[in-house]
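One structure is given here, and the rest of the page talks about it.
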Amino acid sequence: MKLRFLGGTGTVTGSRYLLSDDNHRVLVDCGMYQGVKTLRRRNWAKFPVDPSTIDAVVLTHAHIDHTGYLPALVKQGFTGTIYCTHGTHDLCKVLLPDAGHLQEEDAKYAYRKKFSRHKHPEPLFTVQDAWEALTHFKSQNYHETFEPVKGFEVSFTPAGHILGSACVHVRYKPSNRTVVFSGDVGRQDDLIMRPPEPIQKADVLVCESTYGDRLHGDTDPETELAEIVNTTVGRGGIVLIPSFAVGRAQMLLYAIHKLMREDRIPRLPVFLNSPMAIKATEIFCRYHKEHKLTAQQCGVIDSHTEFVRSVEESIKLDSIRYPCIIVSASGMASGGRVLHHLKTLLPNHRNSVVFAGFQAPGTRGDRMVAGVDKVKIHGEYWPVRAEVHNMNSLSAHGDYNELLQWLEQGSLQPSKVYVTHGEMLASDIMRQRIRDKFGWDAEVPELFQEVEV
Ligand SMILES: [Zn+2]
């Protein structure tokens, strides 16, 4: 069996790994590139293998950097089945059409502003293409094996990153070799997600390294968040939290309500301004058996949050002048409704902007966290006077210690580890740490490299 790295190398986005033998091709994850323009441009490059020759796709989780290219893949001729967990399937029904909508908006914007090389810029895919891709989905339970194509036996184990997230185990029957893809790996002690399940067997491991060079620190996220909220409220400001719609938004709402209940922060209005995050929250509550929160705790989030659905309501939020908390997507401020709030709230020193997780290089979030004094939104520069925080402790990814701890919990003896899904430096440091701690043969693969497994 061969493994080829079609993405997710040297970057945290665009995860795509191809497994193949002489007769079959199985793609693990089919992500979109995000962040700096040179990466985003890759979304438009010809897919490195003919999509019609891929027999099946298996997904680790629903985030767009792992699934966002699926509608394009189907549009270009993929006719097989897309396998994932039930949670991932339901979340994709929200995320993929939304991604199609953004593509259509971008194409319209490029046409209006005439900055495309093409006279009539086309979207990479449309909402309709996303729904078409969703007809190829088939969901599976955790721990149950299935055979997407003959000879490839696949199963999912919980990865603790977001609802439905999984490590993908592929046993190639002819050689009895097992390749495990970690996908994105969650925290050992997350507020809402259970810890990732240890991996017991892998001949080859493909491991993420988002925080390969960083630790989240000892600060308790609740204490840190409470401090920020109290300081901001003390000076009469508003707390804006750009958040990933799926995963972190639900965790933040839970943390905020917990702090209020424990009287650690005042009882303020809390707005969730992201139609996608609202739908994701509903799905999250429906799957309460798969995470730490009970149905009742989910109900508390529901009854204490003002869900902002329409554009009119969203615009109205910008006229609020009293302390409140606004959670809005996207998490790296690369698009979405949060941009409108940033324009209103950034110029005022009373307000706080709290980023809640990894900021990919090149995104507005990354620049603001780095401390720029102005930021470009909708073609204009806006001064950054609000206090900007980056709470890595809220991340849905384990840091390198947590990753190593997780690897240690299993009974792994891989003959090879490929370190992916990280910026160049993070992946390389992770590779070194794995070698030092376990003595395993670890390598950072190059884009398009193919190896025998
Ligand atoms: Zn993810």
Side-chain angles (χ1 to χ4, degrees), residues 7-9 11-17 28-35 39 57-70 84-85 87-92 94-96 98-99 156-168 180-188 190-197 206-212 214 216 242-252 274 276-277 280 283-284 287 290-291 329-332 334 336 355-361 363 365-366 392 394-400 402-403 406 419-423 426-427 430:
T9 58
T11 160
V12 295
T13 66
S15 279
R16 306 161 178 180
Y17 310 109
V28 176
D29 281 348
C30 186
M32 196 140 89
Y33 282 101
Q34 295 165 315
L39 281 178
V57 179
V58 182
L59 302 176
T60 60
H61 66 292
H63 277 152
I64 285 300
D65 56 323
H66 295 256
T67 62
Y69 195 80
L70 283 170
C84 61
T85 63
T88 297
H89 187 178
D90 278 339
L91 289 173
C92 280
V94 178
L95 283 166
L96 292 181
D98 181 78
F156 296 119
T157 53
H161 169 62
I162 59 165
L163 176 74
S165 67
C167 298
V168 171
V180 176
F181 297 85
S182 74
D184 290 2
V185 182
R187 312 288 304 271
Q188 286 295 319
D190 190 82
L191 259 183
I192 59 168
M193 294 305 297
R194 297 197 191 109
E197 191 174 295
V206 179
C207 187
E208 74 125 314
S209 56
T210 312
Y211 286 95
R214 266 175 271 180
H216 294 325
S243 165
F244 301 91
V246 174
R248 289 307 85 181
Q250 291 74 39
M251 186 265 207
L252 282 160
S274 156
M276 189 163 54
I283 297 170
F284 183 80
Y287 281 85
E290 285 192 18
H291 51 72
S330 73
M332 304 192 220
S334 43
F355 287 95
F358 191 81
Q359 302 298 314
T363 56
D366 176 54
N392 274 326
L394 291 174
S395 170
H397 290 265
D399 61 21
Y400 66 77
E402 288 171 286
L403 273 176
W406 170 67
V419 182
T420 60
H421 197 287
E423 297 305 315
S427 293
M430 192 67 202

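Numbering of ligands and ligand atoms starts at 1, following listing order. The basis for the numbers below is simple: all heavy atoms, side chains too, and nothing from hydrogens, waters or symmetry mates.
Partners of Phe355 according to the ring-ring contact (aromatic ring centres under 6.0 Å, His included) rule, which considers only residues two or more places apart in sequence or in another chain, do not exist here. With sequence neighbours excluded, the residues forming a side chain to side chain donor-acceptor pair (under 3.5 Å) with Asp190 are Arg248, listed by chain and number. Residues satisfying the ring-ring contact (aromatic ring centres under 6.0 Å, His included) test with Phe181, not counting sequence neighbours, are Tyr17.
Only protein atoms were considered; those of element N, O or S under 2.8 Å from the Zn ion (ligand 1) number 4.
Checked by atom type and distance alone, the side chain of His421 never pairs as donor or acceptor with a backbone atom of Thr210 at under 3.5 Å. No donor-acceptor pair closer than 3.5 Å links the side chain of Glu290 to the backbone N or O of Leu163.
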**Item:** Asp184 and His63: CA distance, side-chain angles, deciding distance, side chain to side chain donor-acceptor pair (under 3.5 Å) verdict
**Value:** CA-CA 10 Å; Asp184 290 2; His63 277 152; 4.6 Å; no
